[in-house]
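As structure tokens, the structure follows; a few thoughts come after it.
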2 protein chains.
Amino acid sequence: MTTDLPAKRARLRDDLILAAETAIAKGGLSALKARTLAETAGCAVGAIYNVFPDLDALIFAVNARTLEKLDAVLAATVRPDTDPETAMRRLALAYHGFSRAERRRWTAVFAHQIPDGSSPPDWYLGVVGKLFRHIEGPLATLLPDATPEVRGGLARTLFSATHGIVSLGLEEKLGPAPDEVIAQALVVMTRGWVLGLPGAVSPR
Amino acid sequence: MTTDLPAKRARLRDDLILAAETAIAKGGLSALKARTLAETAGCAVGAIYNVFPDLDALIFAVNARTLEKLDAVLAATVRPDTDPETAMRRLALAYHGFSRAERRRWTAVFAHQIPDGSSPPDWYLGVVGKLFRHIEGPLATLLPDATPEVRGGLARTLFSATHGIVSLGLEEKLGPAPDEVIAQALVVMTRGWVLGLPGAVSPR
DNA sequence: GAGAAAATTTGAACGGCGTTCAAAAAATGG
DNA sequence: CCATTTTTTGAACGCCGTTCAAATTTTCTC
């Protein structure tokens, strides 16, 4: 029996990602163990290192899938002609909703710490970068005179701010934070942006 | 030779916190090792567990000190009668500056993950809570009609948003993010708040 | 102050982790 | 079909936080 070798590797790769995803979804990043992974994927512990250089690389693969899923959710959230305030509010609330629905998977994306010198692989940053795109539409309507560079930078800023509210709320790092409180904060915040940003980016 | 026992414990406690703080400042949370700690503080590994239930508790002690330091920096940043926009901009930039100056210590505060069920001790949340107080001053000037509850919630929201921008920038989770870009984002963001928040919290 | 009892400190040992690598197994090719 | 190369395997390595029986120190009693 001759088995196609690159196909087998690819299958193991997928199995490992799936096993890792399940483990993370069930118990967070700290539930990811090489030995459990190998057993679930039906291979030897050493085999993991034939496919991924280390567990960090495997985590990036899982996190990329999570971000792709988030990307799809955000894409389905707003139609192109929605007014900016509604669009931004919906995007922020969709982000919040996703973080709650996919709590552990989503937490893993930002909790994942890589060794000091290194930085995420380029292909991964590409996946991350796609997320800002969703905010750029409403921003273009809101700030028709802004250059693409300004809009791009601002999209990143708004994403980061939204992320801060959602993540500190979810992890309850600042104390208890019920869903409804966070959602309300996002509504006020986005409304504030729509009212304030036009004046803020092109000051008198 | 009779040695005062609670004083000795207290001294060891301080030595351990100092050793932990130094280790974190030098190599981040992952550089905190029980054996190194014991050697630096001049005690046996087991002695750590006579003073702290586990390393997590020690990390909380270190993080509380970091937050106290940040609190002091923020307190020294604005005089009471500063106009809201200037005050908020200075606070945001001071937060950013602190995160850069105390990079590892500050990262440890938010990177610290506690086991799934548990939550931070109350005394620690108290230290965290003090931070929002600094934003409430400018907010009161900006929104004289808002209730203390609304102001308190909003202070938390603005803190979280600022934190999002600073932290995603610092950890470069979204790609390269030079200091100057982050600072500019904070300036635009705070300007947007001052222009937009009054209308956003009491909508027409 | 001596000796017994209680409290504290000690560090070797434990279980678990990511990762490695010599040896075994499988695939290739002549 | 065997020799050679490639891939897979899992016991072993080094390091981790934490524990706990034994050693030490402190306290108490006479």
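Bear in mind the structure is a predicted one, so any value in this text is a computation, not a measurement. Below, chain A is the first sequence line, B the second, and so on; all start at residue 1.
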**Study point:** Distance-only polar pair, side chains of A/T66 and A/N63, donor-acceptor under 3.5 Å
**Key:** no
Review point. For A/K33 and C/dT19, what is the distance between atoms NZ and C1' respectively, to the nearest whole Å?
Key: 15 Å
Revision key, fill the gap. In whole angstroms, the gap separating P of D/dC16 from CG of B/L37 amounts to 12 Å
Point to revise | Output field: ring centroids A/F159/A/H134 closer than 6.0 Å | key: no
Point to revise | Distance, rounded to the nearest Å, where A/K8 contributes NZ and C/dA25 contributes P | key: 14 Å
Practice item. May I have the distance from A/L12 (atom CG) to D/dT7 (atom P), rounded to whole angstrom? Key: 13 Å
Revision key, fill the gap. When rounded to whole Å, the NE2 to P distance for the pair A/H112 and C/dG18 reads 12 Å
Check your understanding: How about A/W106 and A/H96: are their ring centroids closer than 6.0 Å?
Key -> no
Check your understanding: Do the side-chain N or O atoms of B/R9 get closer than 4.0 angstrom to the phosphate oxygens (OP1, OP2) of C/dT8?
Key -> no
Check your understanding: Under 4.0 angstrom, heavy atoms only, what part of the nucleic acid is A/L32 near: base, sugar-phosphate, or nothing?
Key -> sugar-phosphate
Review point. What's the CD1-P distance between B/I48 and C/dT10, to the nearest Å?
Key: 11 Å
Point to revise | Salt bridge present between B/D116 and A/R104 (N-O < 4.0 angstrom) | key: yes
Exercise for review: Measure from the side-chain heavy atoms of B/N50 and tell me the nearest of D/dT19, C/dG18, C/dT10.
Suggested key: C/dT10
Practice item. Please report, rounded to the nearest Å, how far the C1' atom of D/dT19 is from the CZ atom of B/F52. Key: 19 Å
Review point. Stepwise, does the side-chain contact (heavy atoms from CB on, under 4.5 Å) test hold for A/I135 with A/T162?
Key: CA-CA 11 Å; A/I135 318 181; A/T162 306; 5.9 Å; no
Exercise for review: For the side chain of B/V45, starting at C-beta, report the closest nucleotide among C/dG18, D/dT9, D/dT18.
Suggested key: D/dT18
Check your understanding: Counting side-chain heavy atoms from CB outward, which of C/dG18, D/dC16, D/dT26 is closest to A/R35?
Key -> C/dG18
Revision key, fill the gap. From the candidates D/dC16, D/dG10, C/dT9, the one with an atom nearest any side-chain atom of A/A44 is D/dG10
Review point. Given atom CG of A/L16 and atom P of D/dT8, what is their separation to the nearest angstrom?
Key: 11 Å
